[in-house]
Trainee: 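Attaching a single structure in structure tokens format; questions to follow.
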Amino acid sequence: MTKPTTKALSNAEKQQRYRERQKQSGKKELRGYLTPEALTCYSEIQQKTDWNDSTLLSNAIRLMYAAHKCGQIGLLNSWLTEHKR
């Protein structure tokens, strides 16, 4: 007898399964568009740290949270403005 063949998964189905596994492990996907200034900063940080996109985004959010908790958001924003970043 022959075994029933299973249908191969499409790319969209594979991506959906991957996203579901990530959600089940407690991770959340975020998306957005970068300004040219932010893209320059992103490239510089990526070159210096060798972080992938996910690690870079996670650490950026954690650092912003730490700056918020320490009352340093205004200081960071003024530095970015002064240095045209």
Trainee: Hey, mind stepping through R62 and N59 against side-chain contact (heavy atoms from CB on, under 4.5 Å) and telling me if it holds?
Mentor: CA-CA 5 Å; R62 292 172 64 227; N59 287 341; 3.1 Å; yes
Trainee: Is atom CD of Q16 surrounded by more than 12 heavy atoms (other residues, nucleotides or ligands) closer than 6.0 Å?
Mentor: no
Trainee: May I ask you to decide if T55's main-chain N or O and S58's side chain share a donor-acceptor pair within less than 3.5 Å?
Mentor: no
Trainee: Under 4.0 Å between a Lys/Arg side-chain N and an Asp/Glu carboxylate O for K48 and E44?
Mentor: yes
Trainee: Identify the two heavy atoms, one from H68 and one from I73, that lie closest to each other, and give their separation to 0.1 Å.
Mentor: CA-CG1, 3.6 Å
Trainee: Quick check for you: to the nearest 0.5 Å, what is the distance between Q15 atom CD and L9 atom CG?
Mentor: 11.5 Å
Trainee: Verify, without hydrogens or angle tests, whether Q72 (side chain) and C70 (backbone) share a donor-acceptor contact under 3.5 angstrom.
Mentor: yes
Trainee: Which heavy-atom pair separates S10 from E13 by the least distance, and what is that distance?
Mentor: N-OE1, 2.8 Å
Trainee: Taking all atoms of both residues into account, what is the closest heavy-atom pair of L56 and W51, and its distance?
Mentor: CA-CE3, 4.0 Å
Trainee: Can you name the one residue among R21, Q22, E20, K14 that meets side-chain hydrogen bond (donor to acceptor under 3.5 Å, both in side chains) with Y18?
Mentor: Q22
Trainee: Heavy atoms only: give me the nearest S78-L75 pair and the separation to one decimal.
Mentor: OG-O, 2.8 Å
